[in-house]
Participant: 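The following block contains the structure, expressed as structure tokens.
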Protein chains: 2
Amino acid sequence: MDDNEKYGEWFGDLSSFLPGVSIDCVIIGFDLNELNILLLKWKEGGHWMLPGGFVHKDEDMDHAASRILEERTGIRLPYLKQFHTFGDLDRRANVPLFNPVTPLGAQFKEMFDWLEQRFISLGYLSLVDMRSSVPAPDLLSETCIWKPLKSIPDLIYDHNLIANKALEQIRNQINYLPIGISLLPEKFTMKQLQILYEEILQKKVDRANFQKKMLKLGFLDRHEKQLTGGAHKAPFLYAFNREKYNLLLEKGIGYMS
Amino acid sequence: MDDNEKYGEWFGDLSSFLPGVSIDCVIIGFDLNELNILLLKWKEGGHWMLPGGFVHKDEDMDHAASRILEERTGIRLPYLKQFHTFGDLDRRANVPLFNPVTPLGAQFKEMFDWLEQRFISLGYLSLVDMRSSVPAPDLLSETCIWKPLKSIPDLIYDHNLIANKALEQIRNQINYLPIGISLLPEKFTMKQLQILYEEILQKKVDRANFQKKMLKLGFLDRHEKQLTGGAHKAPFLYAFNREKYNLLLEKGIGYMS
DNA sequence: ACAAAAGTGTTATCCTTACACCCATGT
DNA sequence: ACATGGGTGTAAGGATAACACTTTTGT
């Protein structure tokens, strides 16, 4: 199947989507050093944007978000939750997604017209393990890659606003989100967990107190020691006890402020 | 203008609304004894429902919610914020809003057809001073009244779910919502403020500690004593210092759990 | 005088914070 | 041996929670 046929297949489906409703995903990962966000670069115009998509007429919202996320990352059941809905009149005013004069724009006039309508977009926040994700661009995108939160480029439409709202959400809800279990690999050091918290809260926390607090919460299983090449004492490796973790999460984990 | 003309006027506007998008408002008030929710009783079928409405094609979401709320309560600038969006396929499955066989249903077939489509509804939470609200039913509703939270009737569609989600939100966000300043009258006693917290948290709190905590937070101005008819010491009246209150609200007021 | 509710005080306990100290490891 | 980071300990200060005590009012 060549590109034209693939595009055509997608085209034919436009009428199967709910008109005027879209989903934008803020997908967050942690590379053990800093937080990253998954972004797409659109072929037409080179605009950066959040991964997103549309909702089938016979599909629940959460299902659509889950499908869109799996298409971009290959990940099946991550943390994924609606966090805000964006529907202001001018939210897509700043840049046209297609330019009808370019070859691509002319080729996809039908989709262009469809996209001209006003859209209400549901923002979904997802927390994933970066190392098990396989970022894949969609047919109209050039690349799909992780970008450090510290250097998010200008995004199309109101996508910077959407991303910021999601980050605000993470900071506010830090004690109620499964940040550790979603963003870290199976086994990790206390230092890595601490860096994760510091990156989210944007401030340093005391190493000794952090360790004691986390251990007292009782959802960490200590494993055998890590054999690092560092010129220092090797740290323990920890893993989450999922039952205890999920139990505590409802009450709020960490009491961090 | 007779009823038919009024209905007709509303009808003519159906095409000015965004199709498939609605707004449902969970409007909460406090009568100094318990929390109440504003509900409508639909003429057709006698179903109870949340106040709601649609969004004009040239209108922002928040503006639509604000307009709908003012139509039902007369209140202009209350606390009002989107809290969740409901879009599941089956959310309107349980009851038909109109019955085409009844006189009303036959009369409003056009609207009936329009309402047949799938709807995505934005849930808005509003906190208002009950005493300054003037509940007014809309043209298709029999009544618009305050009901105690403890005795919410069965609501149409997924409206019970929406209301419960809003209440959950209030409980979780209690330290970040302007509950006191929005739900209480200008002047109030410490006891009344305490009852408000107890009603939201669904548990008793220690009177002495509550008083000290609230006073230490420093956003309450103490006024002259109230002259009650009670056979006991008359309590002070307090009022919120809006500047200090709003400042603290960002950091979280109360630390209640 | 007494009951009832308001306002304030006292104490034990827990949690937080800021450090200090010792331990293990590779150079 | 020593520099580096990991793990644990301690003591001061603040917040919380439980409860006692005093004050004011109408009957």
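Hydrogens, waters and symmetry mates play no part in the numbers below; they use all other heavy atoms, side chains included. By convention in this document, chain letters (A, B, ...) are assigned in the order of the sequence lines, proteins followed by strands, and residues within each chain are numbered from 1.
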Participant: Between B/Lys213 (NZ) and C/dG7 (C1'), how many Å, whole number?
Facilitator: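 Whole-Å distance recorded here is 18 Å.
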
Participant: Going by the angle between their ring planes, with limits at 30° and 60°, are A/Phe188 and A/Tyr238 parallel, tilted or perpendicular?
Facilitator: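 Tilted.
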
Participant: Reading DNA chain D from 5' onward, which residue's closest nucleotide shows up sooner: B/Gly230 or A/Ala234?
Facilitator: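 It is A/Ala234 whose nearest nucleotide is closer to the 5' end.
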
Participant: Atom NE2 of A/His232 to atom C1' of D/dA1: distance rounded to whole Å?
Facilitator: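 My rounded result for the distance is 18 Å.
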
Participant: In whole Å, I'd like the distance from the CD atom of A/Gln194 to the P atom of D/dG5.
Facilitator: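 After rounding, the reported distance stands at 13 Å.
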
Participant: Figure out the CG/P separation between A/Leu215 and D/dG9, and round it to whole Å.
Facilitator: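 Spelled out: CG on A/Leu215 to P on D/dG9 is 11 Å.
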
Participant: How many Å lie between CE on B/Met214 and P on D/dA17, as a whole number?
Facilitator: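 Value for this atom pair: 13 Å.
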
Participant: Ignoring hydrogens and geometry beyond distance, is the side chain of B/Asn209 in donor-acceptor contact with the base of D/dA17 at under 3.5 Å?
Facilitator: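 Answer is yes: a donor-acceptor pair is held.
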
Participant: Quick one: B/Lys233 NZ to D/dT25 C1', roughly how many Å, whole number?
Facilitator: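 Result: 10 Å.
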
Participant: So, are A/Asp60 and A/Arg67 salt-bridged, with charged N and O less than 4.0 Å apart?
Facilitator: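 No, no charged N to carboxylate O under 4.0 Å.
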
Participant: Ignoring hydrogens and angles, answer whether the base of D/dG5 and the side-chain atoms of A/Arg207 contain a donor-acceptor pair closer than 3.5 Å.
Facilitator: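 Donor-acceptor pair under 3.5 Å: no.
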
Participant: From NZ of A/Lys204 over to P of D/dG5, roughly how many Å is that when rounded to an integer?
Facilitator: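 One finds 12 Å between P of D/dG5 and NZ of A/Lys204, rounded.
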
Participant: Less than 3.5 Å between a donor and an acceptor, one on the side chain of B/Lys212 and one on the base of C/dG9, is that the case here?
Facilitator: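 Check passes, donor-acceptor contact within cut-off.
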
Participant: Has B/Lys225 got its NZ or CZ under 6.0 Å from the middle of the six-membered ring of B/Phe236, at an angle within 45 degrees of the ring axis?
Facilitator: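 Ring-cation test returns yes.
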
Participant: Check the side chains of B/Tyr124 and B/Asp62 for a donor-acceptor pair under 3.5 angstrom, ignoring hydrogens and angles.
Facilitator: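 Judged by distance alone, the side chains do pair up.
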
Participant: B/Arg222 has a side chain; which of C/dT8, D/dG9, D/dG7 sits nearest to it?
Facilitator: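 Closest nucleotide to the B/Arg222 side chain: C/dT8.
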
Participant: Considering just the side-chain nitrogens and oxygens of B/Gln211, establish if one lies under 4.0 Å of OP1 or OP2 belonging to C/dA6.
Facilitator: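 It does not, given that no N or O in the side chain of B/Gln211 lies less than 4.0 Å from OP1 or OP2 of C/dA6.
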
Participant: Map A/Lys225 and A/Asp206 onto DNA chain C by nearest heavy atom, then report which one ends up closer to the 5' terminus.
Facilitator: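 So the residue in question is A/Asp206.
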
Participant: According to a strict under-4.0 Å criterion, is B/Lys216 in side-chain N/O contact with OP1 or OP2 of D/dA15?
Facilitator: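 True: B/Lys216 side-chain N/O within range (under 4.0 Å) of D/dA15 OP1/OP2.
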
Participant: Rounded to the nearest angstrom, tell me the gap between atom CZ in B/Phe236 and atom P in C/dA5.
Facilitator: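 Distance, rounded to whole Å: 18 Å.
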
Participant: Using a 4.0 Å heavy-atom cut-off, does B/Lys191 contact any base of the nucleic acid, only the sugar-phosphate backbone, or nothing at all?
Facilitator: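 Sugar-phosphate, backbone atoms only, no base.
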
Participant: Indicate whether the side chain of B/Ser133 and that of B/Thr73 have a donor and an acceptor atom separated by less than 3.5 Å.
Facilitator: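 Judged by distance alone, the side chains do not pair up.
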
